[in-house]
Peer 1: 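Can you keep this structure in mind? I'll have questions shortly.
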Amino acid sequence: MSSYPTKPTFAGDSEERIKRFLATASHDLQSPLRHIAMYAELLLDDLEETLDGEQLQSLRMIMEKAQTAQRLTKALMSLAGGTPQVTPEEVDLQALAESVWGELTDETAVGEATLESNGLPSIRTDPALFGLVLRHLLTNALMYRSEAAPHVAIAAERAGTDWLIRISDNGAGIDPAYRERIFEPFWKLPKPGTVQGAGLGLTTAREFLTALGGDISLEHSDESGSRFVIRLPIA
């Protein structure tokens, strides 16, 4: 059985910077997202009889994604304020994983990437928050690839009162020198030839999972790839 580290205590300055970053970015995004969702809904009401099936589906997708983004920004603001807003519901993990994977492979144009995730269960969690956790992990798997075509496997099993969800990739692996740092805020794994980002992906994923009553850890990593394990309460 794997052991799960307690949530790390970051230096005060870093924690305050994260809170300010999350609160400011989330607040500034609320208004444009609200307008996107509102105008998409108005267009659906006005044009539903004149659009074909594909056009209607695209417009509904715009509205749904804007509404999901609104929920995420509200959750980020509540997280920054110390009172995370969590809305648990029954989530088809298989469908969620396939949806996130489809979006990412379209965005990154990594056409040869494959996902192995058959038979994942339904879990009770916040779909927006957990979807973002999956997005961060799958993005890293596609970004830190090896010379082989990216392959990601997601598996879930019950362990007492928890779900253990393992996400494995065949990427380049994580240097042992960096394994204690990957969850630190504003730190990103070095990758030659790329522009360094904010370095908040895994930090945010861990914060969201903490809000959901769970945790995440790096279970294994070597030259054949990495495996993260997510723990989530069943109820």
Side-chain angles (χ1 to χ4, degrees), residues 10 12-91 95-109 125-140 142-143 183-188 194-213:
F10 301 122
D13 287 346
S14 292
E15 189 170 357
E16 286 304 313
R17 288 171 67 197
I18 291 174
K19 288 182 178 180
R20 289 198 300 270
F21 174 84
L22 293 177
T24 302
S26 302
H27 177 270
D28 291 348
L29 285 170
Q30 276 293 301
S31 180
L33 288 171
R34 183 169 60 251
H35 282 85
I36 292 171
M38 179 182 70
Y39 286 124
E41 188 172 9
L42 288 173
L43 286 172
L44 274 173
D45 291 340
D46 293 343
L47 303 176
E48 187 169 7
E49 301 300 324
T50 64
L51 299 178
D52 62 32
E54 186 174 344
Q55 291 169 329
L56 279 173
Q57 180 64 24
S58 296
L59 200 49
R60 290 194 184 101
M61 183 67 72
I62 292 171
M63 184 175 69
E64 290 171 5
K65 294 301 181 184
Q67 291 171 340
T68 298
Q70 281 182 288
R71 285 188 59 198
L72 284 172
T73 54
K74 288 179 181 178
L76 285 168
M77 282 192 291
S78 67
L79 186 67
T83 55
Q85 183 183 73
V86 176
T87 308
E89 60 184 72
E90 202 68 19
V91 176
L96 180 62
E98 290 176 355
S99 174
V100 172
W101 180 259
E103 292 172 4
L104 286 175
T105 51
D106 285 345
E107 292 171 13
T108 58
T125 191
D126 186 303
L129 297 186
F130 194 72
L132 192 58
V133 171
L134 285 180
R135 171 174 274 269
H136 286 313
L137 289 168
L138 296 180
T139 296
N140 285 347
L142 292 173
M143 179 181 297
F183 292 102
E184 289 183 12
F186 302 106
W187 186 88
K188 194 167 184 177
T194 63
V195 178
Q196 289 292 85
L200 285 174
L202 286 175
T203 306
T204 305
R206 172 167 272 176
E207 292 289 341
F208 280 157
L209 286 167
T210 298
L212 295 170

Peer 1: Between Arg206 and Thr210, is there a side-chain heavy-atom distance shorter than 4.5 Å?
Peer 2: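 They are in contact (side-chain heavy atoms under 4.5 Å apart), so the answer is yes.
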Peer 1: Considering all heavy atoms of both residues, which atom of Leu134 and which atom of Val100 are nearest to each other, and what is their separation?
Peer 2: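 Residues Leu134 and Val100, closest heavy atoms: C-CG1, 4.3 Å.
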Peer 1: Quick one: pull up CE in Met143 and CG in Leu104 and give me the separation to the nearest 0.5 Å.
Peer 2: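 That separation rounds to 10.0 Å.
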Peer 1: Check Phe208 against Val133 and note the closest heavy-atom contact, atom names and distance.
Peer 2: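 Between these two residues, the closest heavy atoms are CB-CG2, 3.9 Å.
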Peer 1: Please name the pair of heavy atoms, one in Thr125 and one in Val91, separated by the smallest distance, quoted to 0.1 Å.
Peer 2: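 Taking Thr125 first and Val91 second, the nearest heavy atoms are O-CG2, 3.6 Å.
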Peer 1: Any non-hydrogen side-chain atom of His136 less than 4.5 Å from a side-chain atom of Leu132?
Peer 2: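 Side chain of His136 against side chain of Leu132, heavy atoms only: contact under 4.5 Å found.
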Peer 1: Report the distance from atom CG of Leu59 to atom CD of Glu54, rounding to the nearest 0.5 Å.
Peer 2: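 Here the rounded value is 12.5 Å.
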Peer 1: Quick one: closest heavy-atom pair of Ile36 and Ala66, and the distance?
Peer 2: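 Nearest heavy atoms, Ile36 then Ala66: CG2-CB, 3.8 Å.
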Peer 1: Roughly how far, to the nearest 0.5 Å, is the CG atom of Leu212 from the CD atom of Glu207?
Peer 2: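 Rounded to the nearest 0.5 Å, the CD-CG separation comes out at 11.5 Å.
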Peer 1: To check you understand the geometry: which heavy-atom pair defines the closest contact between Leu96 and Phe130, and what is its length?
Peer 2: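 Heavy atoms only, the tightest pair is CD2-CD2, 4.0 Å.
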Peer 1: Could you tell me whether the side chain of Leu137 reaches within less than 4.5 Å of the side chain of Leu202, counting heavy atoms only?
Peer 2: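 SC-SC contact between Leu202 and Leu137 confirmed.
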Peer 1: So, taking the atom named OH in Tyr39 and the one named CG in Leu44, what distance separates them when rounded to the nearest 0.5 Å?
Peer 2: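 The CG atom of Leu44 is 15.0 Å from OH of Tyr39, to the nearest 0.5 Å.
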Peer 1: Shortest non-hydrogen contact from Met63 to Ala40?
Peer 2: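 Reported closest heavy-atom pair: CB-CB, 3.8 Å.
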Peer 1: Please confirm whether the backbone N or O of Asp52 pairs with a side-chain atom of Gln55, one donor and one acceptor, at under 3.5 Å?
Peer 2: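 At least one qualifying donor-acceptor pair exists.
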Peer 1: Output all residues satisfying side chain to side chain donor-acceptor pair (under 3.5 Å) with Glu103, sequence neighbours left out; order by chain, then residue number.
Peer 2: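 Counting only residues at least two positions away or on another chain, Glu103 forms a side chain to side chain donor-acceptor pair (under 3.5 Å) with Lys65, Arg135.
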Peer 1: To the nearest 0.5 Å, what is the distance between CG on Leu42 and CG on Leu47?
Peer 2: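 If we round to the nearest 0.5 Å, Leu42:CG and Leu47:CG are 10.0 Å apart.
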Peer 1: Roughly how far, to the nearest 0.5 Å, is CD of Glu41 from CD1 of Ile62?
Peer 2: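 Here the rounded value is 13.5 Å.
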